[in-house]
Amino acid sequence: LLLLPAALSFGTSSQKSCVVKICHNKDCTKKGGGEMLRTVFRDLIPPTSKTDHIQLNIESSGCLSQCGKGPNVCVVNNNGNDEKMFFNIKDAIDASAVLDVAIPEANFPIELLVAASSIRQAEHASNPLEKEELITSVIQDLSKDSNPVLMTSFAMFHALTLRADARLDANNVNGAIDDATLASKIFPSEGKPWRILAMGEERRGSIDSAIMDLVPFSAVSVVSSHSE
């Protein structure tokens with residue numbers, strides 16, 4: 001499970017605002033909502049440069065009062081003037097449909113939808129080798145043509161982090177460290193890659209390096225907390 005901030009913002013323009021609220025109530029979470037679903041939405045969204053005409057926030061929400069229809073998502077457009085509810089949102093295809101309705105002008109890359117679907121499949125794979133193969137396929141597809149929009153996307157970060165975790169479990173320490181290093185460069189404020197780096201160095205027997213791997217994340221966390 002990736003540890004995510006309470007809200008994530010993409011874009012800087014005030015031309016159009018859109019808030020996607022993901023229900024984190026226990027009923028929706030049990031059905032595949034909550035943090036898992038919010039991560040799917042993040043996988044679908046390109047870096048800020050592709051959405052700079054839209055202010056898009058992906059947020060956690062309390063109960064949306066439709067528990068029997070969950071997982072539930074509420075989309076609020078135009079500073080609260082337009083609100084839509086979406087029910088039974090369980091996977092990347094459902095989430096992509098929500099975004100298409102909410103902000104049809106955004107034209108999110110289809111490659112991210114494919115990546116998000118494959119990542120979700122990999123997360124449910126019981127065979128470690130199958131899991132790594134699926135994630136590797138995602139990374140290779142997002143790396144094609146060296147497209148910076150795809151290579152710096154959250155989906156790429158997510159895939160690298162998952163593969164680093166899988167490789168660490170398989171005792172492929174060098175591979176895990178390589179993937180975690182790349183992931184930490186895409187989203188340095190996310191803690192999971194730094195923890196994998198530290199655990200990898202610890203397994204190598206280098207405690208000092210393990211401690212040093214956590215320093216950059218600590219520094220970023222302090223800066224982020226002061227800026228909020």
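Only this structure's heavy atoms are used, side chains among them; waters, hydrogens and symmetry mates stay out. Starting from 1, each residue takes its place in the sequence as its number.
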* Asked: What distance do Glu132 atom CD and Arg163 atom CZ have between them, rounded to the nearest 0.5 Å?
  -> 6.5 Å
* To do: Give a yes or no on whether Leu134 and Met36 share a hydrophobic cluster (residues Ile, Leu, Val, Met, Phe, Trp, Tyr; joining criterion: side-chain heavy atoms under 4.5 Å apart).
  => no
* **Short side-chain to backbone donor-acceptor contact, Asp27 and Gly68, under 3.5 Å** => no
* Close side-chain approach of Val40 to Asp91, heavy-atom, < 4.5 Å -> no
* To do: Locate the shortest heavy-atom distance separating Glu35 from His24; write the atom from each residue and the value.
  => OE2-NE2, 2.6 Å
* Asked: Between the main-chain N or O of Ala92 and the side-chain N or O of Ser96, is there a donor-acceptor pair closer than 3.5 Å?
  -> no
* Would you check if Val75 and Phe86 make a side-chain contact, meaning some heavy-atom pair closer than 4.5 Å? => yes
* Asked: Any chance the side chains of Arg204 and Asn174 put a donor and an acceptor closer than 3.5 Å?
  -> yes
* Asked: Judged by atom type as modelled, is there a donor-acceptor pair below 3.5 Å linking the side chain of Ser184 to the main-chain atoms of Thr181?
  -> yes
* Asked: Which pair of heavy atoms, one from Gly200 and one from Val173, lies closest together, and at what distance?
  -> O-CG1, 3.4 Å
* Co-membership, hydrophobic cluster, residues Ile58 and Val101, 4.5 Å side-chain -> yes
* Would you say Thr29's side chain and Asn25's backbone share a donor-acceptor pair under 3.5 angstrom? -> yes
* Could you grab the distance from atom CG of Asn72 to atom OG of Ser65, nearest 0.5 Å is fine? => 9.0 Å
* Asked: Quick one: do Leu182 and Phe187 end up in the same hydrophobic cluster if we chain Ile, Leu, Val, Met, Phe, Trp and Tyr together by side-chain heavy atoms under 4.5 Å apart?
  -> yes
* Taking the side chain as C-beta and beyond, is there a heavy-atom pair between Met156 and Ile139 under 4.5 Å? -> yes
* Could you tell me whether the side chain of Arg203 reaches within less than 4.5 Å of the side chain of Leu168, counting heavy atoms only? => yes
* **Val73 and Asp94: CA distance, side-chain angles, deciding distance, side-chain contact (heavy atoms from CB on, under 4.5 Å) verdict** => CA-CA 10 Å; Val73 175; Asp94 294 341; over 6 Å; no
* Residue pair Cys28 / Gln66, side-chain heavy-atom distance below 4.5 Å -> no
* Structure fact -> Minimal heavy-atom distance between Leu37 and Gly32, with the atoms involved, is CB-O, 3.6 Å
* To do: Tell me, with the steps shown, if Glu111 and Asp141 meet side-chain contact (heavy atoms from CB on, under 4.5 Å).
  => CA-CA 8 Å; Glu111 293 90 344; Asp141 288 343; over 6 Å; no
* Asked: With a 4.5 Å limit on heavy-atom distance, are the side chains of Ile196 and Thr161 in contact?
  -> yes
* Given side chains that start at C-beta, do those of Leu112 and Leu150 come closer than 4.5 Å, heavy atoms only? -> yes
* Under a 4.0 Å N-O cut-off, is there an ion pair linking Arg167 with Asp179? -> yes
* To do: Supply the atom-to-atom distance Cys18 SG to Leu99 CG, rounded to the nearest 0.5 angstrom.
  => 7.5 Å
* **Beyond-backbone contact of Ile135 with Ile119, side-chain heavy atoms, under 4.5 angstrom** => no
* Separation of Lys192 NZ from Leu197 CG (nearest 0.5 Å) -> 12.0 Å
* Between CG of Asn88 and NZ of Lys69, what distance do you get to the nearest 0.5 Å? -> 11.0 Å
* Would one find more than 12 heavy atoms of other residues, nucleotides or ligands at under 6.0 Å from atom CG of Asn127? -> yes
* Indicate, with yes or no, if Val114 and Phe157 share a hydrophobic cluster defined by side-chain heavy-atom contacts under 4.5 Å among Ile, Leu, Val, Met, Phe, Trp and Tyr. => no
* Is there a donor-acceptor contact under 3.5 Å linking the side chains of Glu123 and His158? -> yes
* To do: Check whether any side-chain N or O of Asp145 sits under 3.5 Å from a backbone N or O of Asn147 as a donor-acceptor pair, and report yes or no.
  => no
* Structure fact -> dist Met151:CE -> Lys185:NZ (nearest 0.5 Å) comes out at 11.5 Å
* Asked: Any chance NZ of Lys131 has more than 12 other-residue heavy atoms, nucleotides or ligands included, within less than 6.0 Å?
  -> yes
* Asked: Closest approach of Ser61 and Lys21, non-hydrogen atoms and distance?
  -> CB-CB, 3.8 Å
* Kindly give the heavy-atom pair with the smallest separation between Ala95 and Ile89, and that separation in Å. => N-CG2, 3.9 Å
* Structure fact -> When every non-hydrogen atom of Gly62 is compared with those of Cys23, the smallest separation belongs to O-SG, 3.7 Å
* In terms of hydrophobic clustering (I, L, V, M, F, W, Y; side-chain heavy atoms under 4.5 Å; direct or indirect links), are Leu129 and Leu162 co-clustered? -> no
